[in-house]
Enquirer: 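Structure in structure tokens, see below.
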Amino acid sequence: MPRTVIIDLSSHREILWAAEETAGAIRADQLIVASGAYERSVPFPGWTLPGVMTAGGAQRLIKTLQVRPGRRALITGTGPLLLVVANQLRAVGTEVVAVLEAGRHPRWPQFLVKARGEWGLLKDAFEYWRGLRRAGIPLRFNHTVFEAHGASAVEAVTYGPVDPATWTPIRSQAEQVEVDLLVVGFGLVPNVELTTLGGCDHRYALELGGWVPERDACMETSIPGLFAVGDGAGIRGAAVASLEGRVAGITAAEHAGLLPRAEADRRRAPFLARLESLLRVRAVLDGMSRIRPGLSELATPGTIVCRCEEVALGEVQMALAAGARDLQAVKLLTRLGMGPCQGRNCAPAMRSYLSHATGRTAAEVGRINPRPPVKPVRLGALARMTRAMPADDPFQATIREALS
Amino acid sequence: MTRASEIVVVGGGVIGCAVAYYAAKRGLRVTLIDQPRRGRATSASAGGLWPLGESIGLGCGVIFYKAQLEQGKVAEAGGPSQLPRAFLDFALQSKALFPTLAGELRETGGLDIELERTSLLFVMYDEADEAFARPLWQNCPCGRSLTEWVTPEELGRTEPAVTRAARGALRFNGDDQLNPYRLADAFRASARTLGAKLLPHTEVRNICVAKGRVIAVETAAQRIPCDAMVNAAGAWAPEIGRMAGIDIPVLPVRGQIVATETLPEVLSACISTTDCYLAQKRHGEIIIGSTTEETGFDVGVTPRALKALTAGAIRAIPFLEQVNVKRAWAGLRPGTPDELPILGSVEGVAGYYNACGHFRTGILNAPLTGVLLSELLSGAPLSFPLEPFLLSRFGAHRDTGASRVGRAR
């Protein structure tokens, strides 16, 4: 079903889908959720100025819209995507003044030992790094953005070193640079709205990007017949995602009675083995780019932390003073997370801020409960809801073909 | 009871917060224990203050009646049932407290409850709607002064967003709205300013009763000795009542609601039809409600309800077809067999007080509930007779578990 979004998932594996003109419900015996991830927002003074954009946003401008996002850029954040974007910007003629990586310098010898057998994963990163070297773009570890300045768009950026262990900004050593583009990439957050609505158990795993569904080795969640795969079940990248998809698909077919147990085991085995090997290397990469609590100290009371409802950090601090101890209480007091994005953008940063400020764990700080629809849908589409699948559904035809 | 009495209020929804506020205002020493549960009704309210509309079955009542009619569950006769006079008087008196209260809460708690004068319009589509509305207009229990028959032309002029297919409307002046979360927050913040203690995210484990008197309330972490406790636990009131050996005939009644994206001001009145009600809030979103379902503590939303509510909203306000849904969710109204709240003391357990069973009107009736409970707790004369609302109206309070909620009349 192309151009169709899933807007709700009930605990009995019934999904609600919506297209431009209509909507409907499907109950599945086996359901595989591959909901992907979205970019993490880190609020700092000036982050809402035009000219400040996420790494993904900059890539979209370059690759999809063929637009040069700026003339002179600073790139900040963490993870290998920063290097990718730096090379892409350079290729379209943007001057990149520096890449600021909040994490530490990878200790190559140790790293290479742990990465044995998975050189492919590193080769690309190495190529990007070499591109940067050749272009003379400095890559500064344990540095990050402190503030973006400008009247109606970004004109300059203050940045500086961070404490290597906590990423707390060391403001006494701040520097300033004039740029018209600031690219920010602090990694991805798993999109767990559907598995949450579906009633799956979740755990908080900072190294995987945040809340992730609990799964067994075959990708099945705590709800029988409901599988979660890919970055939506924990940020591990495309290679891992496609393996997880295969394992889940084989297992779903097994549950549905289409594959005998022994045959399913035989088919799963190579993918499971490869997953294990990949995950060993990922763990090292994840350790370097794991978000640290010191980033919470970048925002000031005047900094907008929820863009949908224009809530400033000062209002969150007032809510804390009024006794709020978790995201839900902050939401009700300030409207944080009550806009169209439902807290996708503000909740990860505010979770870490609240943890930092109250000394409570991420689990105690809790979550902003997702509500349907998790993607925008018009009243008109819901009003024309049917319970059946569209009559000439190409997807159904494909499945029938595959099974015949 | 002396001014130094220790009072524990169980439940941090709008009712518990109102009781804590008024009790603290009288100088009582109050501890408010709050264990937020998914589906608490305060968080799924539209914030309508409709004493007239609610008492004659508008809002959710008429929607539910029509659904029952379509399923053949009720005989065609006279529309949704009306609540007794005592309910209307209670609701009117509670409603009258809001203007002064809004100022008090702003001053004491620093929060604006976003009280708006809107009126409520029952928009009529067909003869059946008109036949239902005309006697309400002619014999409204409040008299003619607060109702107004609105012709299609007048309706088009005052509410241009409403469908031209309407045959006019019946307007109820004095039925207004506010922001329901803000009301609970403002009561809570003001109660704290006045010295009330708040225990957030704290579950009550036990109520200690000795020699027929409540002596303490226990949480996982501590035992709080007290002279009196108030059960304001909404749909979960039976759980708390049982701890004191009291059966409370409250059942969760699910109401699903839908909110639109933020819109410019397109509605000046709250709208009630036989399909849904609509209220545009200060922030710009339109809240569309609501279902009336006995489905236990399930707080999910259903495709059927989403379809019915959105179709009903588009029928009333056609341009909504092109508008995005921001969110749909559900709340659990604390329903009672006769749809009236359960207030006041219970024979045999001194120091135990009910402030529960507010069904669809917890927001509207929170102020007077708070006032009355604070009067009971401090031994002051009551500003409204409590008899129609006592638990004892159901007979033996240990034999009510089987009674069905609502629609018993």
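Reminder, nothing fancy here: chain letters follow the sequence lines and each chain counts from 1.
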Enquirer: Tell me, for B:Ala189 versus chain A, whether the close heavy atoms (under 4.5 Å) come from the side chain, the backbone, both or neither.
Expert: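 Neither; nothing under 4.5 Å.
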Enquirer: If I measure from the heavy atoms of chain B, does A:Ala18 come under 4.5 Å with its side chain, its backbone, both, or neither?
Expert: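 Neither part, no heavy atoms under 4.5 Å.
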Enquirer: Can you find a side-chain donor-acceptor pair between A:Arg367 and A:Thr196 that sits under 3.5 Å?
Expert: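 On atom types as modelled, these side chains qualify, holding a pair under 3.5 Å.
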Enquirer: Counting only heavy atoms closer than 4.5 Å, note whether A:Arg384 contacts chain B via side chain, backbone, both or neither.
Expert: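 Its backbone and side chain both get close to chain B.
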Enquirer: I'd like to know if A:Glu193 and A:Arg371 make a salt bridge, using a cut-off of under 4.0 Å between side-chain N and carboxylate O.
Expert: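 Between A:Arg371 and A:Glu193 there is no salt bridge, as every charged N stays at least 4.0 Å from the carboxylate O atoms.
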Enquirer: With sequence neighbours excluded, tell me which residues meet side-chain contact (heavy atoms from CB on, under 4.5 Å) with A:Ala324.
Expert: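 For A:Ala324 the side-chain contact (heavy atoms from CB on, under 4.5 Å) partners, ignoring immediate neighbours, are A:Ala319, A:Ala329, A:Val330, A:Leu333.
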Enquirer: Assess, by modelled atom type and distance only, whether the side chains of B:Glu293 and B:Thr291 contain a donor and an acceptor separated by less than 3.5 Å.
Expert: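 On atom types as modelled, these side chains qualify, holding a pair under 3.5 Å.
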Enquirer: Excluding sequence neighbours, so at least two apart, what forms salt bridge (charged side-chain N to carboxylate O under 4.0 Å, His left out) with A:Glu220?
Expert: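 Listed in chain order: nothing, the list is empty.
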Enquirer: Around atom CD of A:Glu310, are there more than 12 heavy atoms from other residues, nucleotides or ligands closer than 6.0 Å?
Expert: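 Counting neighbours around CD of A:Glu310, 12 or fewer heavy atoms of other residues, nucleotides or ligands fall under 6.0 Å, so no.
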Enquirer: Do the side chain of A:Ser355 and the main chain of A:Arg360 share a donor and acceptor less than 3.5 angstrom apart?
Expert: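 Looks like yes, one N/O pair under 3.5 Å.
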Enquirer: By a 4.5 Å heavy-atom criterion (distance strictly below it), what part of B:Ile314 contacts chain A: side chain, backbone, both, or neither?
Expert: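 Side chain of B:Ile314 only, per the 4.5 Å heavy-atom cut-off to chain A.
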Enquirer: Return yes if a side-chain donor-acceptor contact under 3.5 Å exists between A:Gln317 and A:Tyr353, otherwise no.
Expert: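 Indeed, the side chains of A:Gln317 and A:Tyr353 share at least one donor-acceptor pair under 3.5 Å.
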Enquirer: Shorter than 4.5 Å, heavy atoms on both sides: which option in A:Gln342, A:Gln328, A:Arg325 has the most such pairs with chain B?
Expert: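 The option with the most such pairs is A:Gln342.
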Enquirer: Is it the backbone or the side chain of A:Glu309 that comes under 4.5 Å from a heavy atom of chain B, or both, or neither?
Expert: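 Contact with chain B involves the side chain of A:Glu309 alone.
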Enquirer: Side chain, backbone, both or neither: which part of B:Arg327 has a heavy atom under 4.5 Å from chain A?
Expert: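 It is both, since atoms from each part get that close.
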Enquirer: With a 4.5 angstrom heavy-atom cut-off, could you sort out which part of A:Leu382 is near chain B: side chain, backbone, both or neither?
Expert: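 For A:Leu382, backbone and side chain are both near chain B.
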Enquirer: Run the numbers on A:Glu39 and A:Arg60 for salt bridge (charged side-chain N to carboxylate O under 4.0 Å, His left out), then give the verdict.
Expert: CA-CA 13 Å; A:Glu39 289 185 276; A:Arg60 193 173 168 85; over 6 Å; no
Enquirer: In terms of heavy-atom pairs under 4.5 Å, which option from B:His283, B:Glu261, B:Arg182 contacts chain A the most?
Expert: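 The answer is B:His283.
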Enquirer: For A:Val189, check side-chain contact (heavy atoms from CB on, under 4.5 Å) against everything at least two apart and list the hits.
Expert: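 side-chain contact (heavy atoms from CB on, under 4.5 Å) check on A:Val189 returns A:Tyr38, A:Arg40, A:Pro348.
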Enquirer: In terms of side-chain heavy atoms, does A:Ser296 have a donor or acceptor partner in A:Ser352 at a distance below 3.5 Å?
Expert: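 There is such a pair (donor and acceptor under 3.5 Å, judged by atom type) between the side chains of A:Ser296 and A:Ser352.
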Enquirer: Please classify the contact between B:Arg38 and chain A as side chain, backbone, both or neither, with a heavy-atom cut-off of under 4.5 Å.
Expert: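 The answer is the side chain of B:Arg38.
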Enquirer: Non-hydrogen atoms of chain A under 4.5 Å away: do they reach the side chain of B:Leu309, the backbone, both or neither?
Expert: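 Contact with chain A: none, neither part.
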Enquirer: How would you list, in number order, the residues of residues 13-25 of chain B that have a heavy atom less than 4.5 Å from chain A?
Expert: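 Not one residue of residues 13-25 of chain B has a heavy atom under 4.5 Å from chain A.
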